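Below is one structure, written out as structure tokens; the observations come after it.
All figures in this text were calculated on a predicted structure; none of them were measured in a lab.
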Amino acid sequence: MANADATARMSATIDVPGATARTWDVLVIGAGPGGAFAAREAARAGLATLLVERSPFPRAKACGGCLNHTAVEALQRAGLGDGLARLGGPAITTVRLLQDGRHSSIPMPPGVAVSRRTLDAMLAAAAIEAGARFLPETTAIIAREPAQAASAGQRLVELSVRGQPAVPVEARIVIAADGLAQTSLRACGEFESVVTANSRIGMGSMAPAGALALPPGTITMAIGRSGYVGVVRVEEGQVHVGAALDPRFIRQCGSPGRSVVRVLEDAGVPVSGAFDSLDWLGTLPLTRRTLRPVGRRVLLVGDTAGYVEPFTGEGMAWALATAGAALPFIQRGLGAWDGLLEREWIATRASLIGRQQRACRMIARTLRAPWAVRLAIGSLAHWPSLAHPVVTRLGAGPHTKTGGT
Ligand SMILES: Cc1cc2nc3c(=O)[nH]c(=O)nc-3n(C[C@H](O)[C@H](O)[C@H](O)COP(=O)(O)OP(=O)(O)OC[C@H]3O[C@@H](n4cnc5c(N)ncnc54)[C@H](O)[C@@H]3O)c2cc1C
């Protein structure tokens, strides 16, 4: 079974001239959990699959690093449970909420804390092992279609490697899984995205083991007036730090590291060591959705189709669920692509994750009211079972339906 070491072989998988020499059944853009999983499933089904990733791989990602119970189950069902276990991420069974020195702990269905560098490498290696070809350090942009292309049996994608002219490659189906920024869609003009006003931005880093004293098996969520910070111990004891913060607050504090420390310490989490010297990764405003997560011969999965602030830590479960649901649509689209397929993809995606995303939007709004957070933490400290309906609702995760054909 694939593991993170297999990523050492990744860069040799294919080069741009090799990639452009043929028409692919499926070209997947982005090797996050959504893209890597979609590529693996397509390759396992015997389809000629190319997975293109902009960054050198493995790479870090701004994230809390918590795979929730639903995501863990999805990987286990797909036969990737052993690969996940080998990464050595600790199990997490509790979420600890803190605000202004008050705290409460809530049991949650068991998940796994794992660094994104390691997890994404394992998933990309699994795609390669299934037969997908991998092209890292290459940016993919879906080409704008001329009007007469409407009946063509493929879609053009431009591939470019730092500073070199873009070259076109053909694919019968394209999966856009390039995350929040949707860089792959910028030339198309057919995917309008709406960003929620005052949306917070994401920040993430990896802190050394001694930077924070954290209870084992627990995600610690420090909630402040300008955002929140989640910290959890991942494999080898390091601490994954993920935050959703008001960009004005980061500017006021002077740096991402200082703003994260301020939220942690105000909430009652002591920090030792300089967070300023860590490498911080940021994101665009987080809460957004693409009005139509499908185009001609293009399916959008994971964050590319829309995302909500990460407080409940479900983004990877959503990415895996939508990626896993794509295969029957890919297989059908290879035969004939039509409006019915597009409508059914929209409906399938909504039935898989629409309910969870609505619940997360509600939680994100509640978190902006300090009195509501105070009330929630106070009540949960006395009656943790009050969280049960929310935890169960969110922990139930994406609807398990994977079809729509
Ligand atoms: C602060 C923060 C904390 C979070 N905490 C959690 C958590 O604890 N648990 C959880 O489940 N989720 C969490 N999330 C959400 C989670 O990180 C995302 O939902 C998840 O990564 C989405 O996966 P994806 O595959 O859709 O996209 P991504 O993981 O973003 O992957 C997209 C990939 O596409 C590549 N790419 C981009 N443009 C191109 C291009 N043009 N060509 C080729 N490649 C391209 C990128 O380099 C990247 O590798 C958090 C998010 C943030 C910001």
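Counted within 6.0 Å of CZ on R225, heavy atoms from surrounding residues, nucleotides or ligands total 12 or fewer; the atom is thus considered open. Within 6.0 Å of atom CG in D276, more than 12 heavy atoms from other residues, nucleotides or ligands are found, so the atom counts as buried in its surroundings. With a 6.0 Å radius and a threshold of 12 heavy atoms from other residues, nucleotides or ligands, R155 has its CZ atom above the threshold.
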TODO: Could you check M316 against L119 for side chain to side chain contact (heavy atoms under 4.5 Å, CB included), going step by step and ending with a plain yes or no?
DONE: CA-CA 11 Å; M316 288 189 275; L119 174 70; 3.6 Å; yes
Open item on the list: Run F249 and V263 through side chain to side chain contact (heavy atoms under 4.5 Å, CB included) and show every step you take.
Closed with: CA-CA 10 Å; F249 175 71; V263 174; 3.6 Å; yes
Open item on the list: Test side chain to side chain contact (heavy atoms under 4.5 Å, CB included) on I219 and M221; report intermediate values, then the result.
Closed with: CA-CA 6 Å; I219 314 168; M221 299 295 298; 4.0 Å; yes
TODO: Test side chain to side chain contact (heavy atoms under 4.5 Å, CB included) on I142 and I29 and set out the steps.
DONE: CA-CA 9 Å; I142 303 171; I29 305 176; 3.8 Å; yes
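Here the side chains of L284 and V195 are not in contact, with every heavy-atom distance at 4.5 Å or above. At least one side-chain heavy atom of L264 sits under 4.5 Å from a side-chain heavy atom of F275. Contact annotation: the side chain of E344 approaches that of R332 to within less than 4.5 Å [non-hydrogen atoms, C-beta and beyond]. Here the side chains of V301 and F37 are not in contact, with every heavy-atom distance at 4.5 Å or above. Using a 4.5 Å heavy-atom cutoff, the side chains of L47 and R172 are not in contact. Between P293 and I346 the shortest side-chain heavy-atom distance falls below 4.5 Å. Taking the side chain as every heavy atom from C-beta outward, V194 and L291 approach each other to under 4.5 Å. With contacts defined as side-chain heavy-atom distances shorter than 4.5 Å, the pair L341/D338 qualifies.
No hydrogens or angles considered: a donor-acceptor pair under 3.5 Å links the side chains of T290 and Q182. When only modelled atom types and interatomic distance are considered, T220 and R96 share a side-chain donor-acceptor pair under 3.5 Å. Side-chain contact annotation: S199 with T196, donor-acceptor N/O pair under 3.5 Å absent. Remark: the W24 side chain and the Q154 side chain contain no N/O donor-acceptor pair separated by less than 3.5 Å.
Here the shortest heavy-atom pairing between A326 and W345 reads CA-CZ3, 3.7 Å. Of all heavy-atom pairs between E314 and C360, the closest is OE1-SG, 3.0 Å. Scanning all heavy atoms of the two residues, the minimum distance from R44 to A130 falls at CG-CB, 3.8 Å. For L98 against G268, the heavy-atom pair with the smallest separation is CD2-O, 4.1 Å. A43 and T49 make their closest contact through N-OG1, 3.5 Å (heavy atoms, listed as atom of the first residue, atom of the second, distance). G32 and D120 make their closest contact through CA-OD2, 3.8 Å (heavy atoms, listed as atom of the first residue, atom of the second, distance).
Looking at R116, its side chain never comes within 3.5 Å of a backbone N or O of A62 through a donor-acceptor pair. Judged by distance alone, with hydrogens and angles left aside, the side-chain atoms of T283 form a donor-acceptor pair with the main-chain N or O of G202 at under 3.5 Å. Of the possible donor and acceptor atoms, none in the side chain of D246 sits under 3.5 Å from a partner among the backbone N and O of S226. Checked by atom type and distance alone, the side chain of T138 never pairs as donor or acceptor with a backbone atom of S160 at under 3.5 Å. In terms of modelled atom types and a separation under 3.5 Å, the side chain of R233 and the main chain of L212 share a donor-acceptor contact. The backbone N or O of V114 sits nowhere less than 3.5 Å from a side-chain atom of E235 that would complete a donor-acceptor pair. R54 places no side-chain N or O within 3.5 Å of a backbone atom of T183 that could act as its donor or acceptor partner. For the pair T218 (side chain) and P216 (backbone), a donor-acceptor distance under 3.5 Å is present. Side chain of R262 to backbone of G224: no donor-acceptor contact under 3.5 angstrom is found.
Between E342 and R292 a salt bridge is recorded (basic side-chain N to carboxylate O distance below 4.0 Å).
Under the side-chain contact (heavy atoms from CB on, under 4.5 Å) criterion, P247 pairs with I201, R251, not counting sequence neighbours.
For the atom pair CG (L97) and CD1 (I223), the distance works out to 5.0 Å, reported to the nearest 0.5 Å. For the atom pair CG (L51) and CZ (R133), the distance works out to 12.0 Å, reported to the nearest 0.5 Å. Atom CZ of R144 is separated from atom CZ of R186 by 13.0 Å, given to the nearest 0.5 angstrom. Interatomic distance, T70 OG1 to L75 CG, rounded to the nearest 0.5 Å: 11.0 Å.
Among R368, R288, R361, the single residue meeting the salt bridge (charged side-chain N to carboxylate O under 4.0 Å, His left out) criterion with E309 is R368.
Aromatic ring pairs are classed by plane angle as parallel below 30°, tilted from 30° to 60° and perpendicular above 60°; the pair F134 and F57 is perpendicular.
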